[in-house]
Chemist: 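Okay, handing you the structure first.
In listed order, ligands and their atoms are each counted from 1. Just so it is clear, the structure is predicted and the values come from calculations on it, not from any experiment. All heavy atoms count here, side chains included; hydrogens, waters and symmetry mates do not. FYI, the numbering just counts along the sequence from 1.
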Amino acid sequence: MTLKEFARDNLLVLDGAMGTMLQSGHDARAVHQAYLAAGANVILTNTFHHKTDEDIAAAVQAAKEAIGNHQSYVALDISPTGQLLEPMGMLSFDDAYAMFKRQVLAGAQAGVDAIYIETMTELGEARCAVLAAKENCDLPVFCTMSFEENLRTFTGVDIPSMALTLGGLGVDFIGLNCSVGPAQMKAMAAQLLQWTDLPVVIKPNAGLPKIENGQTVFDVTPEVFAAQMAEIATLGVAGIGGCCGTTPAFIQAISILKRSQKPPVEIPAALCSATKTVLLDRVRVTGERINPTGKKAFQQALLDDDLDYIAEQAIEQVEAGADILDVNVGMPGVDEPATMASVVTHIQSMVHAPLQIDSTSPAAIEAGLRACRGKAIVNSVNGEEKSLREILPLVKKYGAAVIGLTLDENGIPPTAQQRLAIAEKILAAALAHGIPRQDVFIDCLALAAGAEQSIAYETLHAIRLVKEQLGLKTTLGVSNVSFGLPAREKLNQTFLALALANGLDLPILNPNNASMLDTIACFHQLKNIDINSAAYLQRFHQAVQDSSTSGIAHFIHNGLQDEARAAAQQLLREHEPMIIVNEILLPILDAVGKQYESGAIFLPQLLRSAQAAKAAFDTVKQNLPAKDSDTSETILLATVEGDIHDIGKNIVKVVLENYGYRVIDLGKDVPAAHVAEQAVQHKAKLVGLSALMTTTLAAMEKTIQAIKHASPGTVVVVGGAVLTPEIAQRMGADYYAKDAIEAVAIAKKALDKP
Ligand code: THG
């Protein structure tokens, strides 16, 4: 029986923690045997770190030997790269893909039963790993991500966005692992089950970490774990297991649980980025401005590869009220697939809005879909056989939605009935490719009323027919209607109102035209979608709007480096450098930090803002007297020995630097003695240490002792996923920082004392 067949009727019992078991003296095969004896029927290979092909082959071999003739399965464990992908970090999509592909090929070659991608916190990286698995083997693919108690990963991914995106890519099992215990994970599991039809696997930690007799332990016993997992099992999950802190006793205790039927769910029609899911439960605006048509400045930006100019268009439209952004980069002289990929990548680090990939080139569409970190819309297919044949497989493969234009080999038909017939044909083709009905949006095509007045109104009729007869969502490039006429905005606004009344869901328009968004706000009020007129009142009651969309605060908030640099240059004409730093830049950074702490923005925005602030800061620093700019104290950072996961440390580095501190980064997997020696050599007043894994907490403690021994005056701050303030204190650290913003506050305290 294959793993997928087995999983249809049986509860998958996965194994528990590997690292801590290995530390207590077992070899990998003995750990596997202990979990199998406890009742596990799926075991994960000892490959959490990226290993050589030989290591992977040996790890798979050990797992297979342990299984012998148990009715059990071996899954290849694949973990995050430990680096952030571009543009947030330095790792390119292609390099990350190559790393995952190598692991998948080695595992498949060694004969695993499944690929198990786990502990992911960045949706772009999870997608990259899933694509590498799907494109290089035929094995079932698991993908599980790690959410914190606020139901987001540390890069801001939310559960609906994960479910929509990974489900669309065709993973076979989806789930949650690590970060919290079963008590905290239950709410996460319930939300995930609302957003997916896929079998769900849940692998929490043994509660939350605490210190006992100088050791890090987790606070839940096997009995309590099993009781809490029983509640999760009754929700209808397909697999259960344990992550950090769990042992064979935990797996034994849950192995008696039975599979409960998952109640069927209706997954809402929705699109998403990595951090935001947009429900299609009302009119949603697609911003059309990222498009070179008729715009000299935009065309020049494309030719110059000026991504910040394009990002500014994205930010402006979202601030004006766009829910989705159309991205079109097609023009002569531009390598459309490459440009589509880089523009999509860049925009995504600046705004949360889902994207619509607008191109007639299948290669450009695929490049855009590959780079996209969420569930996108493909704009578009039409009724021509060639279009359907080339585009629909891409839509299916990447789990996107798709716009169907009601035209075919004979052009745009004049009557609504003929356009309905093309819509039907497109729908049938989409369904045949396995694209769900709710992901097909029909564009009945607005024509220029000045040129084709006799049939312009027919578009409205076609929208109604598509709505009533096919029940599909509709989209429309509204401003086509006024082409070549005066008073375009008035005609557009009236046409929009009529189209909404006939069932238009996704108008494509310029959101900077406030009158168009006014019309939509009014429509929602009249349609009783805007309950208690809340949005209406917010839009029209606010007398004075904040008009500060220029200036350095805006540029830093939106992560626009070139603009921030130019604005700093401008400020230098009017203010002293130290005034700019202390009274303008630092307060802006503090405001950004507060937004991050409150969950208003996420890690990608924080990093972009920090980088823009650094650009401004560097500009100002060139004008500081040498003495002033050299007084900054040195901070040492290191990820402790045995740990290669240094994302957290890298983020802290960027943010500290942008507050003007001099940071020396010792890297990852750094021996205690080396950190201590460097602390002495640089007379460091502050050292920051990070560790991601429970197994490296001992190395962290040893490093703290070495620093304190060699340089008693040095202050030590620690951070990392498995740490708590309590553990930090027990280890002898002076401070615990839960994130980069706290690290800055601590640096201020430790270094800036008068
Ligand atoms: N249906 C679908 N997709 C579409 C369209 C559609 N994508 C492209 C287009 N139509 C919608 N997008 C745009 C983008 C740019 C402009 C208009 C529509 C545009 N307008 C000004 C003009 O017409 O001269 C340019 C000047 C300016 O705005 O500054 O360029 O129908 N599915």
Chemist: Would you kindly specify which portion of Asn328 sits under 4.0 Å from ligand 1, judged on non-hydrogen atoms: side chain, backbone, both or neither?
Modeler: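 Neither; no heavy atom under 4.0 Å.
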
Chemist: What are the atoms of ligand 1, with element, lying closer than 4.0 Å to any heavy atom of Lys295?
Modeler: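 Counting from 1, the qualifying ligand atoms are 15 (C), 29 (O), 30 (O).
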
Chemist: Considering only non-hydrogen protein atoms, determine which one is nearest to atom 11 (C) of ligand 1 and report residue, atom name and distance to 0.1 Å.
Modeler: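 Residue, atom and distance for the closest contact: Glu288 OE1, 3.8 Å.
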
Chemist: Do Arg127 and Glu122 sit within salt-bridge range, that is, some charged N less than 4.0 Å from a carboxylate O?
Modeler: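 No, this pair does not count.
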
Chemist: Which atoms from ligand 1 have a heavy atom of Asn379 less than 4.0 Å away?
Modeler: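 Matching atoms, with element in brackets: 2 (C), 3 (N), 4 (C), 7 (N), 32 (N).
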
Chemist: Going by heavy atoms, is Leu405 under 4.0 Å from ligand 1?
Modeler: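 Judged by the 4.0 Å heavy-atom criterion, Leu405 does count as contacting ligand 1.
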
Chemist: Within a reach of under 6.0 Å around CG of Asp304, are more than 12 heavy atoms found that belong to other residues, nucleotides or ligands?
Modeler: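 Counting neighbours around CG of Asp304, more than 12 heavy atoms of other residues, nucleotides or ligands fall under 6.0 Å, so yes.
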
Chemist: Give the atoms of ligand 1, by number and element, whose distance to some non-hydrogen atom of Gly477 is under 4.0 Å.
Modeler: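 Once the distances to Gly477 are compared, the set is 1 (N), 6 (C), 31 (O).
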
Chemist: Indicate yes or no: does Asp530 engage Lys527 in a salt bridge with an N to O separation below 4.0 Å.
Modeler: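 No.
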
Chemist: Compute whether any side-chain donor of one residue and acceptor of the other, for Tyr536 and Asp518, lie under 3.5 angstrom apart.
Modeler: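 The answer is no; no qualifying pair exists.
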
Chemist: For residues Thr519 and Gln493, is any side-chain donor paired with an opposing acceptor at under 3.5 Å?
Modeler: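 Yes, a side-chain donor-acceptor pair sits under 3.5 Å.
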
Chemist: Considering heavy atoms of the protein only, find what lies nearest to atom 26 (C) of ligand 1 and give residue, atom and distance to 0.1 Å.
Modeler: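 Here the nearest protein heavy atom works out to Gly294 O, 3.9 Å.
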
Chemist: Please check if atom CD in Glu574 has more than 12 non-hydrogen atoms from other residues, nucleotides or ligands closer than 6.0 Å.
Modeler: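 Yes, because the 6.0 Å sphere around CD of Glu574 holds more than 12 heavy atoms from other groups.
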
Chemist: Of Asp326, Asn510, Asn480, which has the heavy atom at the shortest distance from atom 10 (N) of ligand 1?
Modeler: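 Among Asp326, Asn510, Asn480, the closest heavy atom to atom 10 (N) of ligand 1 comes from Asn480.
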
Chemist: Are there more than 12 heavy atoms of other residues, nucleotides or ligands under 6.0 Å from atom NZ of Lys386?
Modeler: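 It does not: Lys386 NZ has 12 such atoms or fewer within range.
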
Chemist: Mark the output for Gln356 as yes if a heavy-atom distance to ligand 1 is under 4.0 Å, and as no if none is.
Modeler: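 No, that is not the case, since the closest heavy atom of the residue is not under 4.0 Å from the ligand.
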
Chemist: Considering heavy atoms of the protein only, find what lies nearest to atom 24 (O) of ligand 1 and give residue, atom and distance to 0.1 Å.
Modeler: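 Its nearest protein heavy-atom neighbour is Arg488 NH1, 4.3 Å.
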
Chemist: Might you work through the side-chain hydrogen bond (donor to acceptor under 3.5 Å, both in side chains) test for His352 and Thr275, ending with a clear yes or no?
Modeler: CA-CA 6 Å; His352 299 296; Thr275 48; 2.8 Å; yes

Chemist: Please indicate, with yes or no, if any protein heavy atom is found under 4.0 Å from atom 2 (C) of ligand 1?
Modeler: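 Yes, because at least one protein heavy atom sits under 4.0 Å from atom 2 (C) of ligand 1.
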
Chemist: Quick check: does Thr475 get an N/O under 3.5 Å from an N/O on ligand 1?
Modeler: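 No, since none of the N or O atoms of Thr475 sits under 3.5 Å from an N or O of ligand 1.
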
Chemist: Below a 4.0 angstrom heavy-atom separation, can you tell me which part of Leu445, side chain or backbone, both or neither, approaches ligand 1?
Modeler: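 None of Leu445 does.
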
Chemist: Does atom NZ (Lys276) have a neighbourhood of more than 12 heavy atoms from anything else shown, all under 6.0 Å?
Modeler: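 Not more than 12 within 6.0 Å, no.
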
Chemist: Provide the number and element of each atom of ligand 1 under 4.0 Å from a heavy atom of Asp358.
Modeler: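 It comes down to these atoms of ligand 1: 7 (N), 8 (C).
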
Chemist: Is atom 13 (C) of ligand 1 close to the protein, meaning a heavy atom under 4.0 Å from it?
Modeler: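 Protein heavy atom within 4.0 Å of atom 13 (C) of ligand 1: present.
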
Chemist: Using a strict 4.0 Å cut-off to heavy atoms of Thr293, name the atoms of ligand 1 that fall inside it.
Modeler: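 In order of numbering, the contacting atoms are 19 (C), 25 (C), 30 (O).
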
Chemist: If you measure from each non-hydrogen atom of Lys296 to ligand 1, which part falls under 4.0 Å: side chain, backbone, both or neither?
Modeler: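 The answer is neither; Lys296 stays 4.0 Å or more away.
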
Chemist: Just need the protein heavy atom nearest to atom 29 (O) of ligand 1, so name the residue and atom and give the distance.
Modeler: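 Closest protein heavy atom to atom 29 (O) of ligand 1: Arg289 NH1, 3.5 Å.
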
Chemist: Identify whether NZ of Lys or CZ of Arg in Arg370 sits under 6.0 Å from the centre of the six-membered ring of Tyr97 and within 45° of that ring's axis.
Modeler: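 Geometry flag: set, cation within 6.0 Å and 45°.
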
Chemist: Can you check whether a protein heavy atom sits less than 4.0 angstrom from atom 20 (N) of ligand 1?
Modeler: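 So far as the 4.0 Å threshold goes, atom 20 (N) of ligand 1 is out of reach of every protein heavy atom.
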
Chemist: What pair of heavy atoms forms the shortest contact from Asp323 to Arg284, and how long is it?
Modeler: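 Heavy atoms only, the tightest pair is OD2-CA, 3.3 Å.
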
Chemist: Flag yes if more than 12 heavy atoms outside Glu266 fall under 6.0 Å of its CD atom; otherwise flag no.
Modeler: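 Incorrect, the count does not exceed 12.
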
